Student: 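Supplied in structure tokens, the structure appears directly below.
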Amino acid sequence: MGDLPRFSDVSDPLEWVLSRVRPGRRAKAVASRWGYRPYMVERYLNILGSWAEVGRFLQAFELSVSPSVRCNTLKVEDCGILIERLERLGFEVKPIEWAEHCFEVVGGVNTVSTLGATHEFLIGMYYLYRGRASLLPPLTLSPVAGERVCDLAAAPGGKATHMAQLMRNEGVLLACDVSRSRMRALRSNVERLGVRNAVLLRVDGRIVPDIFPSHFDRVLLDAPCSGEGLIMLDPSRKVKTSMRDLVRMHELQVELLNAALGSVRPGGLVLYSTCSIAPEEDEFVIAEVVEGREDVRVERVDVPLRLSEGVEEYFGLELPDYVRLCVRVWPHIHGMEGFFMCLLRRVG
Ligand code: SAM
């Protein structure tokens, strides 16, 4: 790795990389066979290192993932009662070892639409997820009762309501989102689940540090992204995103992550997450933000399951070594939707 150009030596690292993504004949053939844009497959080969692994990865995107539920302890004292009721309705559930109060729905009438229409759902006994990876960010950021917490891109509220649950409804949770329609879904989820410590604000997250400078103990940025990790849930993503779209996503995420760091107090934590496996978002956003500031340090992600490290080299560019501390969820390795997380501490 020593001879490779480094991230900080290149004036525009993202453009530098993207100009080198040139799909070869085999990438084009594989892309056409599985229905992807060729540039995507060329990138998968670069990250994963062999066609055999690319094959396993693309195959995993063809499989379905089971939905999961989070028992809402703000309303349910004994999650066993919820499980009994779901089983009586014909669902087969299995505890998720690494996520307390959370269950994978592995059998029975386990369609998302059915699970979203039960009496138990409507009275707020659980939150429904299409997979499992979305449980990771709240557990990693791990807010506690009494803290000041901000979710900078919160709608429809899966992670915000999970954080309220971890905070036992104590302290303050500011849940922001820019989208009017998605705010409605957020409000409905907050009410249904009995969250009482949340303040909802429709705002562009980029101006939050102007309103609340250095204010929060913890900030979650579950960033708007390409969704390149969700292909098994939405196959249209095989062709939806262009390389230019990735650049636009990258720029917005850099601005939002800087806003998150501006609104957290010195010593506080920011968790950046995406449902994307694209290094153009993930590692390149982290590197650009960290290289541009003196007041931030990447921390190790501490979750009770083994995830993959961040990518340190991409199309011949060496990324800063701290990106190794970020984690990626791979569908073919971890059996979940593709996902990425990086934990940052503001140190000044
Ligand atoms: N965290 C949410 C959850 O768990 O339910 C999902 C968030 S989704 C990945 C990204 C969100 O970012 C979308 O709801 C979108 O409306 C919002 N968004 C996009 N641009 C934004 C901005 N500039 N400021 C705040 N929110 C934004």
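From a predicted model like this one, the values you see are computed outputs, not experimental measurements. Indexing begins at 1, ligand by ligand and atom by atom, following the structure's order. All values below were derived from every heavy atom in this structure, side-chain atoms included, with hydrogens, water molecules and symmetry-related copies excluded.
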Student: Does a side-chain N-to-carboxylate-O contact under 4.0 Å join Arg148 and Asp217?
Tutor: no

Student: Looking at Arg297 and Glu299, does any basic side-chain N land under 4.0 Å from a carboxylate oxygen?
Tutor: yes

Student: Between Glu15 and Arg20, does at least one N-O distance fall below 4.0 Å, as a salt bridge requires?
Tutor: no

Student: Do Ser66 and Glu104 have side-chain atoms, one donor and one acceptor, less than 3.5 Å apart?
Tutor: yes

Student: Working note: Phe284 + Phe7, criterion ring pair (Phe, Tyr, Trp, His ring centres under 6.0 Å); need CA distance, chi angles, decisive distance, verdict.
Tutor: CA-CA 9 Å; Phe284 277 66; Phe7 188 91; 5.7 Å; yes

Student: List the residues meeting ring-ring contact (aromatic ring centres under 6.0 Å, His included) with Phe57, not counting sequence neighbours, and say none if there are none.
Tutor: Tyr44, Phe61, Trp330, His332

Student: I'd like a table of the close N/O pairs between ligand 1 and the protein (anything under 3.5 Å), one pair per line with both atom names and the distance.
Tutor:
| from | atom 1 | to | atom 2 | distance (Å) |
| --- | --- | --- | --- | --- |
| ligand 1 | 1 (N) | Ala153 | O | 3.1 |
| ligand 1 | 1 (N) | Asp222 | OD2 | 2.8 |
| ligand 1 | 4 (O) | Lys159 | N | 3.2 |
| ligand 1 | 4 (O) | Lys159 | NZ | 3.0 |
| ligand 1 | 5 (O) | Pro156 | N | 3.3 |
| ligand 1 | 5 (O) | Gly157 | N | 3.0 |
| ligand 1 | 5 (O) | Gly158 | N | 3.0 |
| ligand 1 | 14 (O) | Ala155 | O | 3.1 |
| ligand 1 | 14 (O) | Asp177 | OD1 | 3.4 |
| ligand 1 | 14 (O) | Asp177 | OD2 | 2.8 |
| ligand 1 | 14 (O) | Arg182 | NE | 2.6 |
| ligand 1 | 14 (O) | Arg182 | NH2 | 3.2 |
| ligand 1 | 16 (O) | Asp177 | OD1 | 2.6 |
| ligand 1 | 23 (N) | Asp204 | OD1 | 2.9 |
| ligand 1 | 24 (N) | Gly205 | N | 2.8 |
| ligand 1 | 26 (N) | Val178 | N | 3.4 |

